[in-house]
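Just so we're on the same page: letters track the sequence lines, and every chain starts at 1. Any value given below was found using the heavy atoms of this structure, including those in side chains, with hydrogens, waters and symmetry copies removed.
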Amino acid sequence: MDITLNPADLTHTIAFYTLALTSIVAALIVVTAKRIFRAAVALAVVLICGAGFYILLNYDFIAGVQLLVYVGGIVILIVFAVMLTSSLESIEEPPSLGRKALGLFSSLAFLATAVIAFSETKFPLSSISAEQPKDVAKAVGRKLLDYGAGGYVLPFEVISLLLLASVIGAIVVARNPKRKNEGSAT
Amino acid sequence: MNELANSFAFNNAWLIPALPFFSFLVVGLFIRPVSDKLAGIVATLSVATAAFLSIWLAFDYFSAFPAGAEHPGLISWSFEWLRYEEHLAVNVGVLVDSLSILLMVVVTFVSSLVHLYSIGYMKGEDGYGRYFTYLNLFTFSMLGLVVAPNILQTYVFWELVGVSSFLLIGFYYTKPSAVSASKKAFIVTRFADLFFLIGVLLIAVVGYNAMSMFGAPGSLPDNVSAFDFSYLTSSGVSIMMNNLGLLTPAMILIFIGAAGKSALFPLHIWLPDAMEGPTPVSALIHAATMVVAGVYLVARLFMPFAASGTALLVAGYVGAFTCLFAAVIACTQDDIKRVLAYSTLSQIGYMIFALGVASATETLGYTASLFHLFTHAFFKALLFLGAGAVIHAVHTNNIWNMGGLAKKMPITNITFLIATLAISGVWPFAGFFSKDEIIASAFGTHHYVIFAVGLLVAGITAFYMFRIYIVTFLGKARSEAVNKAHEAPMTMTIPLIILAALSAVAGFVHFGDFVSVGAESGHAEGGFPIWIPALLSGLSGIAIAWFIYAGNSERSKALTERLGAIYRVIYAKFYIDEIYLFVTHKIIFRFISAPIAWFDKRIVDGGVDLTGWMTRRGGAVFSRLQTGQAQTYTTWMVNGVIAVAVLIWIFVS
Amino acid sequence: MLDFLFGQLVATHATFDVVTLSDRTTQALAEDPWLAAGYALLGLAGVGGFLSLLGMALIYVERKVAAHFQCRLGPMRVGWHGMLQSVADAIKLLLKEDIIPDRADRVLFLIAPVFSIIATTLGLILIPMSPSLQVVDLNIGVIFISAVSSFGVLGILLAGWSSNNKWSLLGAMRAGAQFISYEISVTLSLLVVTLFAGSLQLSEIVQSQQDGWWIWRGHIVGLVAFFVFLIASTAELNRPPFDLPEAESELTGGFHTEYSGLRFSFFFLAEFINMFIASALAATLFLGGWMPFHIGGLHTFNGLMDLIPPGLWFAGKTTFIIFLIMWVRWTFPRLRVDQLMRLEWKFLLPVGFINLFAAATLVITKLYFFPW
Amino acid sequence: MSFSPELHHWLILSTILFSIGIYGVLTRRNAVGVLMSVELLLNSAAMNFLIFNHYASKPFIDGAIMALFIIAVAAAEAVIAMALFVAIFRSRKTVDVTQINTLKG
């Protein structure tokens, strides 16, 4: 057993394992917590840890977006959904034993398959000398608006359309049908 | 072609069928709901314009190709409708030759007079606008048929004629008899059309294969289609088909189609019933349009018919038999329109047997047939319109409820008499010349049996025509209605007068110079003067009719009683309808249709039901999987994906 | 990229360049993790001390300003002109009993204030108070500030939910809805400045205003963005006239109805520090941060302005904006919920979008004042 | 052997998170809980993109863009899901997915 003790590497390693442990525990809370609100908080923790992972991978811009959109937007939306559909006293009944077993089997089967696949596959690693773009935010922005080969302007537009459609759809779906004839009252 | 390049009528010949069509659309969709009166006027004007154009076209055409010269078939206008292969295409176009011009003139002219007549006749009827819409459609269909440059267009319009006649015969659709008559007409002609279609496909298949092998015949353009008449009537095709043994079957099949439309025995049963429609419609159907379609078709395909010989002979004998058969029935009927209907059958028989006795070398019969078609159109239209005027006045069809109308309706009387004389073949009226020519052609080609029938029927025709004339117009009034009768309005009498004039003089046209087939016009005149026995036959018929029906009615009753059973058989039209009913109901329905229906219900439908039952049962079984639980589905999906991944891995690596 | 974990506590004299850690220090920190950890702890402690002091000061200022707007004196008893009033209050709060409602969700109830205060702290460390005083200089600073400020609202939602109290829940939901809505406008106006400066890094944004502050160098666009930012941040801070989530007359106290003692003081503190952060951000983005008042090209004038220390500039601007926000509090009546939402979705949001579009046009055509 | 994170460590981490998400999707009774589990799945997928981008295609940033897209799609999905939950809750007074089974065959 040869544990290299490069200090920069060590902080990196410590951060990785700490975050990994935290996020796995929090993820387990997300899927098992009987009080749904606690699951939401755990989800926020998982996502914050995710941002931490991205920073470890040197994608600080993506980490920022993760915090901004996931923690600032999606988690709050989910919390809202919780608030609108349940109360503090409502404690979720545990799933039936069969379902639990089936879920456990499925997830473990996936885990086993994927881990075996990873260990059997030789991934083409990029060369050591390859450098990531200095400013990821800038590079991502350029790539998103690039309409040449390898550019992402079309998916970008599609995503924006998707967002627009989902916003309109959400309004239509969630609107109380009994109140649609009322005037400008919100 | 060059001679006609500057002719407006030729360059715009497509207008002749198109005008009634546009009028049909406009009147039917826009005018009819607004104003019935305007509908009638617009419809009449459109057809009158078409008539004017076709006469103009005839004038231009025969100026360019004068009498006696060759009369080529020219395509005035055409577009490609469907193209399957190089030599298998369907064009829609306008063919201009002497035959189509003849029919265009006849159809548009008679039709426009019928339209005009109808304005008066139909006044106050329900569905006045609808009537004119149908009438326009009918005229359009018939014109499309006669200008067709290929047999598929002919077939399409052939069916359209059937549809529009169905609509017109069933015009009084609240009357059960009219409904059944229209159904009868449609089903019988449709039945015949099936054979026509088979014939068309047969010759098209052979023609197409021949052209694929040998290319287009030298005299024809390269893009000629196997459906085109120019190709079908070329001699090479006929010879080849004859060698294959297919010419005679194909031509007989086509002739069956023609017989259906032309109401030849034994497919004649629809025509007498077709008088259930308004009388002007009968005039149109009987005189100029539907029934002559068959004659037209045989004339159009005369060269292949002649090449076959047998087919032509079959046509000749069928025509001759119909001619005699219908004439005998006509002698006993009491309904004025029914008598005229049977006379139409008889005259069509004349035309068909005239075509039948002709051949590629002896073409007098061809000319004579079309000549008779030409003259018959006028006097038969006149007869029907006159009968319509009478019916309009006395509100009955039965001749025994009429009598003495000559004084009440002078114009109708005189015009009807002219028509009667014309159909009886009395000099100098039109019928004399054409009928004489027919009989002469039969004699000239040594078909003596047909010749004898022709002579005999000429007498019978004169007899029954004068029978109805005498009973209707002469003698004493036999019903109250007659006393109240009065002359028809102007819109009805004007067509009568015009047609009477034409019936009187149309015979003097040197018809053979204009309409003929082959190199020589074949005037087999000279030798024995055929007209003498023909005229004598007609005159004797008139005399017998006069003897029996003029004066008191005792003689006719005595005669009827003396003939007894024979009279009753003839009066019942030889029980043909009953035989049909027997055959269809007792034989076809019971022994063919019922088993087929059983098979369809039990086996075919049962098979479908079984499939449905199995699907339902299967669905019921598999729907157990549909727990409605999204998570169950997701479980299946996840495990399925894992399984697929594992399988791919196993089999790929 | 881990440098943000350790921070960049800079202790050099004032220059106008952004002073980063010297190479030697960086190397030392990289080689010795214990040193780095100690360094980070030191930074955090500094920030914590600063936080509480600043909070007390702000509370005092708020009370004084409010009093003077209402023509009264405010706290006068403890210390000179009541200067020590906040200290007294703090001591009282710390000694109070920490009550947890019987049927509350204990775990969430306990961590909710921590969430709030952590969010505030994370925001605070990014503010460049002077060239030498910036704990962390992230290259995604603007995004990071937007992101962490949403943790605060998560804390509020947690507090409202876990209290098991109708007032709390209603207040929390109002806070959440208000925050999500106005966050859009805030981000849009931040993006305007990001476009102008061409960077997300706060120190670079300050640098970019060397020739003039964005509020006026960016023409009307900068001004509009500034006001949109000010209104929207006031709404995000749940301050009057947007204080619906804790409207005393309607909800007794909103999400913190059930809180007392130390935990209440966390919320209280977080609220005031958030006001400071918003003001400081406005000052940094629109008013040049610590950058003195410069006019492009006028070197003599600029040199004169440089004589005033940058920390003072920053403090002055921030104080001004804090004063503005307090001023607004005692000037406008509270909005109704529907008016609040209508203001955002039907007014501020369209304005923000149009403004962003105008800003993009401005940047492409380089139509600022002093476009060098 | 080294404990410092390499490609395989990262992949196993994201796979574990994904498996936990699968378990949640399959067993959570509360629809909001299912949505949260789906967010776990999406998050670990985005993470995988970044991992591969970091280790296998360094000079490019396509993986980062994909991660961005995933975040955007997750936002859209959360919005729609929340609207659906509110609508379902309004009509059925529950968001327990085992009770929502009108599609049962």
With side chains defined as the heavy atoms from C-beta onward, is the minimum distance between V73(D) and L162(A) less than 4.5 Å?
-> yes
What part of S57(D) is in contact with chain A, defined as an atom under 4.5 angstrom from a non-hydrogen atom: side chain, backbone, both or neither?
-> backbone
Below 4.5 Å from any heavy atom of chain D, which atoms of L43(A) appear? Answer side chain, backbone, both or neither.
-> side chain
Assert top hit (heavy-atom pairs under 4.5 Å, partner chain A, pool N43(D), L26(D), I22(D), V95(D)) equals N43(D)
Part of A42(A) within contact of chain D (heavy atom distance under 4.5 Å) | neither
Non-hydrogen side-chain atoms of N30(D) and D96(D) separated by less than 4.5 Å | no
Any donor-acceptor pair under 3.5 Å linking the side chain of R90(D) with the backbone of R175(A)?
-> yes
Part of A72(D) within contact of chain A (heavy atom distance under 4.5 Å) | both
Kindly compute the distance separating CG (L42(D)) from OG (S37(D)), expressed to the nearest 0.5 Å.
-> 11.0 Å
What part of A31(D) gets closer than 4.5 Å to chain A, counting heavy atoms only: side chain, backbone, both or neither?
-> neither
V79(D) versus chain A, the contacting section by heavy-atom distance below 4.5 Å = both
By a 4.5 Å heavy-atom criterion (distance strictly below it), what part of H54(D) contacts chain A: side chain, backbone, both, or neither?
-> both
Is it the backbone or the side chain of F61(A) that comes under 4.5 Å from a heavy atom of chain D, or both, or neither?
-> side chain
In chain order, what residues pass the ring-ring contact (aromatic ring centres under 6.0 Å, His included) check against Y59(A), with sequence neighbours excluded?
-> none
Determine which residues belonging to residues 69-78 of chain A lie within contact range of chain D, meaning some heavy atom pair is under 4.5 Å apart, and list them by number or answer 'none'.
-> V69(A), Y70(A), I74(A), L77(A), I78(A)
Chain D contact via F53(A) - side chain, backbone, both or neither, heavy atoms under 4.5 Å | both
Where on A109(A) is there a heavy atom nearer than 4.5 Å to chain D: the side chain, the backbone, both, or neither?
-> neither
Would you mind reporting whether L35(D) and F85(D) have side-chain heavy atoms less than 4.5 Å apart?
-> yes
Min side-chain heavy-atom separation Y152(A)-D62(D) under 4.5 Å = yes
In terms of heavy-atom pairs under 4.5 Å with chain A, the winner among L50(D), V32(D), T27(D) is L50(D)
Flag the pair W10(D) / L56(A) as yes when at least one side-chain heavy-atom distance between them is below 4.5 Å, and no otherwise.
-> yes
Is the CG atom of L161(A) crowded by more than 12 outside heavy atoms at less than 6.0 Å?
-> yes
Assert yes or no for the condition that the ring centre distance of F123(A) to F52(D) is strictly below 6.0 Å.
-> yes
Heavy-atom side-chain contact between L40(D) and V31(A) under 4.5 Å | yes
Contact winner vs chain D - I62(A), T85(A), I14(A), heavy-atom pairs under 4.5 Å = T85(A)
Could I get the full list of ring-ring contact (aromatic ring centres under 6.0 Å, His included) partners for F89(D), not counting sequence neighbours?
-> none
Select, from R28(D), H8(D), M47(D), E39(D), the one with the greatest count of heavy-atom pairs under 4.5 Å involving chain A.
-> R28(D)
With only heavy atoms counted, which part of P94(A) is less than 4.5 Å from chain D, the side chain, the backbone, both or neither?
-> backbone
Does the side chain of I80(D) come within less than 4.5 Å of V173(A)'s, by heavy atoms?
-> no
Which portion of S23(A) sits near chain D, non-hydrogen atoms under 4.5 angstrom = both
For I20(D), is it the side chain, the backbone, both, or neither that has a heavy atom closer than 4.5 Å to a heavy atom of chain A?
-> both
Under the ring-ring contact (aromatic ring centres under 6.0 Å, His included) rule, collect the residues that match up with F118(A), sequence neighbours excluded.
-> none
Options A114(A), P155(A), A20(A), ranked by heavy-atom pairs under 4.5 Å with chain D, top entry = P155(A)
Is the shortest heavy-atom distance from the side chain of V82(A) to the side chain of M36(D) under 4.5 Å?
-> yes
Given that the side chain runs from C-beta out, which part of L7(D) has a heavy atom under 4.5 Å from chain A: side chain, backbone, both or neither?
-> side chain
Comparing V86(D), I88(D), I51(D), N53(D) against chain A, the one with the most heavy-atom pairs below 4.5 Å turns out to be N53(D)
Roughly how far, to the nearest 0.5 Å, is the CD1 atom of I29(A) from the CZ atom of R35(A)?
-> 13.5 Å
Which answer fits L13(D), side chain, backbone, both or neither, if we ask what part of it has an atom under 4.5 Å from a heavy atom of chain A?
-> side chain
